[in-house]
Amino acid sequence: MDIIHIITLALIQGLTEFLPISSSGHLLLPSGILGWPDQGLAFDIAVHMGTLLAVIFYFRQDIFSISRAWLTSLYKREQTTNSQLGWYIILAAIPAGIMGLLFNELIETHLRTTIVIALTTIFFGLLLGWADHFSQSSAKYEISQLTIKIVLIIGCAQMLALVPGTSRSGITITAALFCGLNRESAARFSFLIAIPIILLSGCYKAMELMASSFVNWGDLFIGFVISAVSAFICIMYFMKFINRIGMMPFVIYRLILGVGLLIWCFF
C-alpha cells in the first residue's frame, strides 16, 4: 500500500471503531468502490490494536479500578460495584466471542459485500434512531445499576456486529438504550466491553497471521499510531458531547451512506 492508502485506512478505523457507524463496513468501501487493494490481515490487526490502545488509555482509571476490584473479589468473595462491573464486561463478551469462533469464516466469505453493508447500515441506523427516541422518556439506569439481564441482552446484541455494516458500538448502544440506560452510560459500557472483544479478535487474527511470510512493519507502525490517536480523539469528543447531540447525527449519516451505497450498487 502507498502512504495515502495507509493514512486513509488508519483514519477510517480510528474514527469509526467507536462511533455507531461501523468500522468494518467503512474499511470495505475503499476496495469495493475505489478499487484499492485489500489492506491485508497484518494491517487490519495493527489498526485494531491501535484502537484498543486508545480505549484502554482513555478509560485507564476506570479499568484500573474495575480490575483491582475484580481481582480482589476472586479471593475475598465480596462484590462491589466495580468488581460486579468487571464480571459484567466479561459476561457481555462471551456471546460475541462464541459466535465469532463458530461463524467468522462463513461471514467473511458471504457477507462482506457492498449490498449487505448498505442494507445493514440503513436498518441498524433506523433501529438506533428508534432506541435514542425511546430512551428520552425511559432512560433511568446508570452504568452502576446494570443487571445480569441487561448485560446478557447487550452481549447478545453484540453478536450482530459480526455482520459488516452493523457497527459493534452502534448495536450495543442501541440495546443499552432500549434497556433503559442513559446515553452516557450506554456509550461507556459499550466502549468498555469493546476491550475484550478487540483483544480476542486481534489474537485470533494474529494466529492466522503466523502463516504469513512477509510483514511490512513500517506500514503497520504508521497505521497503528494513526488509528490510536484518531480513535482516542474520537472517544474523547463522543463522550463529551453524546448527551447534547444524541444519536440522530449518526442515524442521518447512516441513512445517507446506506442509500448512497444502494444507488451505487444498482445504478
Side-chain angles (χ1 to χ4, degrees), residues 17-21 51-74 76 78-97 124 127-161 166-200 231-248 250:
E17 176 66 35
F18 298 106
L19 293 180
I21 56 176
T51 58
L52 177 62
L53 176 63
V55 71
I56 289 175
F57 186 73
Y58 183 85
F59 290 106
R60 60 193 181 278
Q61 293 181 344
D62 292 32
I63 293 170
F64 177 77
S65 299
I66 292 168
S67 299
R68 183 174 60 179
W70 181 79
L71 289 171
T72 301
S73 73
L74 292 179
K76 283 193 173 182
E78 295 177 1
Q79 294 296 331
T80 64
T81 299
N82 277 332
S83 66
Q84 197 170 53
L85 185 54
W87 286 111
Y88 285 162
I89 291 171
I90 295 171
L91 179 61
I94 292 174
F124 289 109
L127 196 63
L128 176 63
W130 181 20
D132 193 50
H133 177 74
F134 172 82
S135 72
Q136 297 309 296
S137 58
S138 64
K140 55 185 177 181
Y141 297 126
E142 301 284 342
I143 195 171
S144 60
Q145 297 172 292
L146 284 168
T147 65
I148 292 178
K149 178 182 177 181
I150 292 174
V151 171
L152 285 174
I153 291 173
I154 296 171
C156 290
Q158 191 167 218
M159 294 188 299
L160 297 173
T166 300
S167 171
R168 193 211 58 81
S169 63
I171 194 62
T172 52
I173 290 174
T174 296
L177 292 174
F178 273 129
C179 288
L181 271 71
N182 59 48
R183 289 170 178 164
E184 184 177 353
S185 293
R188 183 174 292 273
F189 189 63
S190 171
F191 292 164
L192 287 172
I193 64 175
I195 295 172
I197 289 297
I198 297 174
L199 182 60
L200 289 172
F232 179 82
I233 294 172
C234 182
I235 295 170
M236 180 175 63
Y237 281 102
F238 185 84
M239 292 303 297
K240 184 176 181 180
F241 294 110
I242 186 60
N243 282 328
R244 187 183 308 174
I245 66 175
M247 297 296 167
M248 288 313 297
F250 306 107

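Computed over heavy atoms, backbone and side chain alike; hydrogens, waters and symmetry mates excluded.
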Separation between CD of Q145 and OG1 of T81, rounded to the nearest 0.5 Å: 9.5 Å
M159 side, atom CE; T166 side, atom OG1 - distance, nearest 0.5 Å: 12.0 Å
Test item: Q158 side-chain N/O and P95 main-chain N/O as donor-acceptor pair under 3.5 Å: no
Steps toward side chain to side chain contact (heavy atoms under 4.5 Å, CB included) verdict (I173, R183): CA-CA 8 Å; I173 290 174; R183 289 170 178 164; over 6 Å; no
Within 6.0 Å of CZ in F238, more than 12 heavy atoms from elsewhere: yes
For M247 against L177, the heavy-atom pair lying closest together: CG-CD1, 4.3 Å
Distance (rounded to the nearest 0.5 Å) between Y88 OH and I150 CD1: 8.5 Å
For residues 185-197, which side-chain N or O atoms pair as donor and acceptor with protein atoms under 3.5 Å away, sequence neighbours left out?
{"residue": "S185", "atom": "OG", "partner": "E142", "partner atom": "OE1", "Å": "3.3"}
{"residue": "S185", "atom": "OG", "partner": "I143", "partner atom": "N", "Å": "3.1"}
{"residue": "S185", "atom": "OG", "partner": "N182", "partner atom": "OD1", "Å": "3.0"}
{"residue": "R188", "atom": "NH1", "partner": "D62", "partner atom": "OD2", "Å": "2.8"}
{"residue": "S190", "atom": "OG", "partner": "R168", "partner atom": "NH2", "Å": "3.4"}
{"residue": "S190", "atom": "OG", "partner": "T172", "partner atom": "OG1", "Å": "2.7"}

Nearest-0.5 Å distance, OG1 of residue T174 to CZ of residue F134: 12.5 Å
Neighbour count above 12 (heavy atom, 6.0 Å) for F241 CZ: yes
Whether W130 and F178 hold their rings parallel, tilted or perpendicular, with breakpoints at 30° and 60°: perpendicular
Interatomic spacing from CD in E17 to CG in L52 - rounded to 0.5 Å: 9.5 Å
N/O donor-acceptor pairs under 3.5 Å from side chains in residues 66-74, not counting sequence neighbours:
{"residue": "S67", "atom": "OG", "partner": "I63", "partner atom": "O", "Å": "2.7"}
{"residue": "T72", "atom": "OG1", "partner": "R68", "partner atom": "O", "Å": "2.8"}
{"residue": "S73", "atom": "OG", "partner": "W70", "partner atom": "O", "Å": "2.6"}

Closest approach of L128 to P20 (non-hydrogen atoms, all atoms of both residues): CD2-CB, 3.8 Å
Side chain proximity check, I235 to F232, heavy atoms < 4.5 angstrom: no
